[in-house]
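Have a look at the structure below before the remarks.
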Protein chains: 2
Amino acid sequence: MSGALALADEEGLEALTMARVAERLGVTPMALYRHVAGKAGLLDGVVELLLTEFPPPPEALSWPERLNVLAGNIRASAHRHPAVFPLVLHLPANTPEARRTRESVYRALKDAGVTEARVAQIERLVSTAVLGFAVSEAAGRFRHHSRHELDADFGAMQALLRRFIEQSAASN
Amino acid sequence: MSGALALADEEGLEALTMARVAERLGVTPMALYRHVAGKAGLLDGVVELLLTEFPPPPEALSWPERLNVLAGNIRASAHRHPAVFPLVLHLPANTPEARRTRESVYRALKDAGVTEARVAQIERLVSTAVLGFAVSEAAGRFRHHSRHELDADFGAMQALLRRFIEQSAASN
DNA sequence: ACCTGAACACCGTTCAAGT
DNA sequence: ACCTGAACACCGTTCAAGT
């Protein structure tokens with residue numbers, strides 16, 4: 001699975017092929033069907049592997065710091081794996097790995113004072129913004145923008161989300 | 001090009017093949033190379049066609065109404081074309097069609113009182129949020145959420161973005 | 001249990017050839 | 001100008017067979 005991810009990193013998503021993965025493992029393509037559920041299963045596995053790259057941040061940090069660390073890890077993962085990263089939008093965030101990340105955001109929102117009833121919606125909104133930005137960068141929508149500009153954009157988005165969370169907490 | 005889009009709508013992105021498009025036109029696959037720059041050119045053309053589905057809203061409306069109409073059109077387009085829509089994050093928003101849409105957002109932001117220097121960044125942030133949500137829905141990340149819930153989420157996001165724009169205008 | 005050979009239906013793309 | 005036939009290298013997948 002990590003060989004498959006490396007292959008996609010090096011040669012792009014269209015190189016992520018049963019034949020190429022098998023070759024990398026020194027085996028025939030047919031042998032892979034023992035271990036993954038076809039091409040779709042291969043892609044699922046690679047995306048799941050990606051999710052392990054943004055583990056819950058240390059609980060010792062303040063809630064805004066935790067959210068910033070998490071967002072930074074997500075963006076860094078997108079930079080490392082531009083071919084595969086956009087696929088995170090394709091799977092419902094139901095896998096154990098995805099749940100773990102989401103729970104850590106829930107905890108941060110509760111620490112911020114967000115009321116139980118609104119935590120889930122606010123998490124979706126915050127995650128959508130962060131993932132939307134990271135996927136845009138990975139997929140190439142911001143190809144013509146400088147790294148400096150994109151860092152500023154990402155910072156502005158984090159500031160916006162923080163203000164939004166604080167306001168949501170104040171008006172409960 | 002519109003035949004290609006219809007094919008992807010009906011059978012998914014993996015059915016969007018030179019052979020299948022050619023078949024639909026009653027022609028051999030090789031004939032397509034006269035009209036598009038290979039498979040990549042075919043995809044570019046389909047995405048460009050998608051962009052024509054969210055034209056600038058009527059200038060008679062207030063700026064928040066215009067942004068809401070535009071966002072609604074974008075989301076509706078994502079619902080209509082779930083297979084292809086995620087590809088909008090893959091092309092730099094440089095095409096004439098994309099420029100037209102962006103300019104209409106610029107005008108709305110200026111009408112809101114956003115200072116010239118901050119218009120571009122705020123447009124990227126707003127577009128990223130709206131596209132991120134629409135792509136998430138189209139690609140299936142929200143597969144397990146009800147339409148009612150997603151409508152509420154989208155509404156909350158629009159409200160957040162509006163407040164953000166107003167605050168950005170106030171603090172210039 | 002795990003892997004392979006052979007086979008099938010399907011890709012994208014090129015190039016010379018036809019009209 | 002526009003389309004086609006033949007060809008090439010490459011896909012994903014199944015299934016019976018091997019060890």
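Per chain, numbering begins at 1; letters A, B, ... match sequence-line order.
Under the 4.5 Å side-chain heavy-atom criterion for grouping Ile, Leu, Val, Met, Phe, Trp and Tyr, A:Met30 is not connected to A:Met18 through any hydrophobic cluster. In this structure, A:Leu7 is a member of the same hydrophobic cluster as A:Leu25, with clusters built from ILVMFWY side-chain heavy atoms closer than 4.5 Å.
B:His81 places a side-chain heavy atom less than 4.5 Å from the side chain of B:Leu5. Two residues are said to be in side-chain contact when any heavy atoms from C-beta on lie closer than 4.5 Å; B:Phe85 and B:Arg75 fail this criterion. Side-chain contact check for A:Asp44 versus A:Val47: every heavy-atom pair is 4.5 Å or farther apart. Between A:Arg20 and A:Glu23, some side-chain heavy-atom pair lies under the 4.5 Å cut-off.
If you measure from atom CD of B:Glu14 to atom P of C:dG12, you get 12 Å, rounded to the nearest angstrom. Nucleotide C:dA9 holds its P atom 16 Å from the CD atom of B:Glu23, rounded to whole Å. The separation between A:Leu13 atom CG and D:dC11 atom C1' is 14 Å, rounded to whole Å. Whole-Å rounding puts the B:Leu32 CG to C:dG12 P distance at 9 Å. For the pair B:Lys39 NZ and D:dC10 P, the interatomic distance rounds to 17 Å; values are reported in whole Å. Spacing between atom OH of A:Tyr33 and atom P of C:dA6 amounts to 18 Å, rounded to whole angstrom units. Counting to the nearest Å, the C1' atom of D:dC2 and the CZ atom of B:Arg34 are 6 Å from each other. For B:Arg20 and C:dG12, the CZ to C1' distance is 16 Å, given to the nearest whole Å.
Put simply, B:His35 has a side-chain N or O that comes within less than 4.0 Å of OP1 or OP2 on D:dC3.
Using a 4.0 Å cut-off between charged nitrogen and carboxylate oxygen, B:Glu10 and B:Arg24 count as a salt-bridge pair.
Using a 4.0 Å heavy-atom distance criterion, B:Met30 is classed as a base contact.
For A:Thr17, whose side chain is taken as the heavy atoms from C-beta onward, the closest listed nucleotide among C:dC11, D:dT4, D:dG12 is D:dG12. Listed nucleotides C:dG5, C:dG12, D:dC3 differ in distance to B:Ala31; the shortest reach to its side chain belongs to D:dC3.
Among the duplex regions that DNA chain D forms, those built from at least three successive Watson-Crick or G-U pairs under 3.5 Å are C:4-8 with D:12-16, C:12-16 with D:4-8, ordered by first number.
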